2 protein chains.
Amino acid sequence: MSEQLIHHIRKNVAIQVDDELSILSYFRPMHISKKENLLEAGQLCTSHYFVLKGCLRLFFLNEKGTEQTTQFAIENWWLTDYMAFQHNQRTDFTIQAVEPTAVLAIDFQRQEQLLIQFPVMERYFRLIYQRAYAASQLRTKYLYDFSREELYHHFAKSYPEFTQRVPQYLLASFLGFTPEYLSEIRKKRS
Amino acid sequence: MSEQLIHHIRKNVAIQVDDELSILSYFRPMHISKKENLLEAGQLCTSHYFVLKGCLRLFFLNEKGTEQTTQFAIENWWLTDYMAFQHNQRTDFTIQAVEPTAVLAIDFQRQEQLLIQFPVMERYFRLIYQRAYAASQLRTKYLYDFSREELYHHFAKSYPEFTQRVPQYLLASFLGFTPEYLSEIRKKRS
DNA sequence: CGGATCGTTGATCAACTTCAACGGTCGTGG
DNA sequence: CCACGACCGTTGAAGTTGATCAACGATCCG
């Protein structure tokens with residue numbers, strides 16, 4: 001299953017066949033079951049995760065004590081708390097599996113070594129971060145532009161399969177409103 | 001003034017003194033006055049900007065026709081509409097100077113050439129994007145965690161000098177509420 | 001000096017939350 | 001394999017947060 005990461009790297013940069021195993025050796029394969037946590041609030045955020053199969057979510061506890069999901073990651077997405085990861089700090093976030101999930105994990109120091117041994121991986125991660133930042137910039141625009149109701153319809157139209165894939169209360173949280181309000185929105189258009 | 005970019009690059013990666021001028025030759029220095037636009041909605045987004053001095057803002061027109069600011073960039077920050085920049089598309093955003101501003105501009109193709117001629121710049125931009133993405137992830141958390149009023153107090157406390165530097169109606173727009181509401185918030189605590 | 005721009009104030013209104021209660025369904029243990 | 005409990009989605013009433021609109025004062029700049 002790990003050839004999936006190699007495939008993803010190859011879609012972005014040219015690597016030597018001889019280097020494939022060496023690159024993969026930097027990563028730890030992990031399997032976690034539904035509702036299991038990869039990272040918990042209060043811990044040091046040491047790892048960066050690549051999703052091979054399944055779905056992760058990133059959430060924190062807001063002041064009311066409810067879980068606020070801010071990101072999902074499905075197949076071929078990278079995820080971590082980047083601020084904590086870069087600075088080797090404790091995180092406020094929890095990373096939890098929404099489904100049974102397989103990931104490749106790499107620690108910060110190992111990632112640094114990987115980048116030194118294979119400078120082409122600098123380009124790979126440059127592209128990954130550039131795209132992630134662009135997506136984030138666009139998402140911020142949506143958050144400012146759309147009402148919560150419009151946000152839901154826009155999301156459901158853009159990612160119909162994903163909208164079915166996750167429970168409604170997680171989707172509501174991700175879109176920034178309550179499950180009750182999502183119910184109301186859905187009632188209107190059916 | 002362009003040595004400022006070299007200084008910024010050096011803070012992140014090691015470059016040869018001999019390469020400095022060659023690197024700088026990829027960039028176009030530009031000076032724009034207050035309220036002048038570097039990029040306008042509807043245009044192709046061809047350039048990436050590094051702020052040497054002054055302040056830029058990124059905004060779009062929402063459905064009500066009001067300017068919605070989503071980002072500022074001050075000294076030593078990079079800015080563009082990254083989605084449009086990467087895909088050579090038209091942008092929905094306008095980039096405008098909040099103050100008289102000096103920038104270095106680089107076009108997409110030139111940036112690609114720069115990265116090929118100086119692979120160490122892959123690492124530089126990887127770090128830039130990684131940090132920008134981390135900041136964006138944190139900002140998203142704040143947007144979900146804080147009420148508009150808390151958002152203002154948190155921002156004013158974190159960036160007191162910047163809060164003074166820009167007009168209130170731009171700050172209100174950036175924080176996602178109306179100038180009238182900002183007035184009300186300020187009244188409460190004075 | 002004069003006009004445009006910016007910040008303020010107060011009244012009314014809309015979007016969304018909160019809380020409590022109910023019904024369906026899913027999965028787990030007996 | 002069935003029954004029970006926990007979890008999830010829905011409904012409706014009442015409450016908040018922040019928007020809208022209009023009007024006024026202050027300030028800045030030409």
Side-chain angles (χ1 to χ4, degrees), chain A residues 32-37 55 57 59 61-70 72 94 96-100 142-156 162-190, chain B residues 33-37 55 57 59-70 72 94 96-100 142-156 162-190:
Chain A
I32 55 171
S33 43
K34 189 172 168 175
K35 300 253 177 185
E36 201 178 334
N37 295 337
C55 178
R57 71 183 179 111
F59 71 87
L61 289 183
N62 64 22
E63 43 198 13
K64 288 162 208 141
T66 66
E67 296 180 356
Q68 179 60 60
T69 298
T70 60
F72 291 106
T94 297
Q96 188 177 82
V98 176
E99 310 168 354
Y142 291 149
L143 283 175
Y144 280 91
D145 203 8
F146 295 153
S147 69
R148 302 296 158 103
E149 182 170 356
E150 289 169 328
L151 222 45
Y152 169 72
H153 290 306
H154 182 264
F155 187 86
F162 187 76
T163 303
Q164 303 298 356
R165 190 168 166 182
V166 297
Q168 281 191 38
Y169 70 97
L170 287 185
L171 198 58
S173 170
F174 173 71
L175 294 172
F177 48 77
T178 61
E180 292 94 329
Y181 190 59
L182 179 49
S183 260
E184 197 173 321
I185 292 171
R186 286 166 53 87
K187 188 170 48 164
K188 283 194 204 172
R189 288 224 191 161
S190 57
Chain B
S33 43
K34 189 173 168 174
K35 299 252 176 188
E36 200 178 336
N37 295 337
C55 178
R57 71 183 179 111
F59 72 87
F60 66 94
L61 289 184
N62 64 22
E63 43 198 13
K64 288 163 209 141
T66 66
E67 296 180 355
Q68 179 60 62
T69 298
T70 60
F72 292 105
T94 296
Q96 189 178 81
V98 176
E99 310 168 352
Y142 291 150
L143 284 175
Y144 280 91
D145 203 8
F146 295 153
S147 70
R148 301 299 157 109
E149 182 170 357
E150 288 169 329
L151 222 45
Y152 169 72
H153 291 305
H154 183 263
F155 187 86
F162 187 76
T163 303
Q164 303 297 357
R165 190 168 166 182
V166 297
Q168 281 191 37
Y169 70 99
L170 288 186
L171 198 58
S173 170
F174 173 72
L175 294 173
F177 48 76
T178 60
E180 292 94 329
Y181 190 58
L182 180 49
S183 259
E184 196 173 320
I185 291 171
R186 287 166 54 88
K187 188 169 48 163
K188 283 194 203 172
R189 288 226 190 159
S190 57

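Not measured: the values here are computed from a predicted model. We name chains A, B, ... by the order of the sequence lines, and we start the count at 1 in each one.
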Original post:
So, does S173(B) use its side chain to make a donor-acceptor pair with the main chain of T69(B) at under 3.5 Å?
Top reply: yes
**OP:** On the 0 to 90° scale, with breaks at 30° and 60°, tag the Y181(A)-F177(A) ring pair as parallel, tilted or perpendicular.
**Re:** perpendicular
Original post:
Where do Y144(A) and N62(B) land on the side chain to side chain contact (heavy atoms under 4.5 Å, CB included) test, with the steps shown first?
Top reply: CA-CA 8 Å; Y144(A) 280 91; N62(B) 64 22; over 6 Å; no
**OP:** Produce a footprint string for nucleotides 25-30 of chain D: one letter per nucleotide, 5' end first; B if the base is under 4.0 Å from any protein heavy atom, S if only the sugar-phosphate is, - if neither.
**Re:** ------
**OP:** Compute the angle between the rotation axes at the two ends of the helix from dC1(C)-dG30(D) to dG30(C)-dC1(D), each taken over five pairs, rounded to 10 degrees.
**Re:** 50°
Original post:
Atom CD of E184(A) to atom C1' of dC16(C): distance rounded to whole Å?
Top reply: 8 Å
Original post:
Are L61(A) and T66(A) close enough, and set up right, to give a side chain to side chain contact (heavy atoms under 4.5 Å, CB included), and what steps lead you there?
Top reply: CA-CA 5 Å; L61(A) 289 183; T66(A) 66; over 6 Å; no
**OP:** Show the numbers, then the answer: is there a side chain to side chain contact (heavy atoms under 4.5 Å, CB included) between T94(B) and F60(B)?
**Re:** CA-CA 6 Å; T94(B) 296; F60(B) 66 94; over 6 Å; no
Original post:
What is the distance, rounded to the nearest whole Å, between atom OH of Y144(A) and atom C1' of dG18(D)?
Top reply: 15 Å
Original post:
Relative to the ring of F146(B), is the ring of H154(B) parallel (under 30°), tilted (30 to 60°) or perpendicular (over 60°)?
Top reply: tilted
Original post:
Are side-chain N/O atoms of S183(B) and E180(B) paired as donor and acceptor at under 3.5 Å?
Top reply: no
Subject >> Interatomic distance where CG belongs to L175(B) and P belongs to dT17(D) [whole Å] >> reply: 18 Å
Original post:
Closer than 4.0 Å, any side-chain N/O of Y181(B) to the OP1 or OP2 of dG18(D)?
Top reply: yes
**OP:** Establish, with yes or no, whether the OP1 or OP2 oxygen of dG12(D) is under 4.0 angstrom from a side-chain nitrogen or oxygen of K187(A).
**Re:** yes
**OP:** Flag the pair E99(A) / K34(A) as yes when at least one side-chain heavy-atom distance between them is below 4.5 Å, and no otherwise.
**Re:** no
Subject >> Distance, rounded to the nearest Å, where K188(A) contributes NZ and dT11(D) contributes C1' >> reply: 15 Å
**OP:** Return the residues of residues 165-173 of chain A meeting this criterion: a heavy atom under 4.0 Å from some atom of DNA chain D. Order them by number, or give none.
**Re:** P167(A), Q168(A), Y169(A)
**OP:** Could you check how far CZ of F146(A) sits from P of dA14(C), rounded to whole Å?
**Re:** 22 Å
Original post:
In whole Å, what is the span from the CZ atom of R186(B) to the C1' atom of dT9(C)?
Top reply: 14 Å
Subject >> Atom-pair distance (CG on L182(A); P on dG12(D)), nearest Å >> reply: 16 Å
Original post:
Expressed in angstrom and rounded to an integer, what is the separation of R148(B) atom CZ from dA15(C) atom C1'?
Top reply: 12 Å
Subject >> Between OG1 on residue T70(B) and CZ on residue R57(B), distance to nearest 0.5 Å >> reply: 10.0 Å
Subject >> Ring-ring centroid check Y142(A) F155(A), cutoff 6.0 Å >> reply: no
Original post:
When we call it a touch if two heavy atoms are under 4.0 Å apart, what does E180(A) touch: a base, just sugar-phosphate, or nothing?
Top reply: base
Original post:
Does T178(B) make a side-chain N or O approach to OP1 or OP2 of dA19(D) shorter than 4.0 Å?
Top reply: yes
**OP:** Using only side-chain N and O atoms of K64(A), determine if any of them is under 4.0 Å from OP1 or OP2 of dT18(C).
**Re:** yes
Original post:
Do any N or O atoms from the side chain of S33(A) and from the backbone of E36(A) form a donor-acceptor pair under 3.5 angstrom?
Top reply: no
**OP:** Would you please indicate yes or no on a ring centroid separation below 6.0 angstrom for F174(B) and F59(B)?
**Re:** no
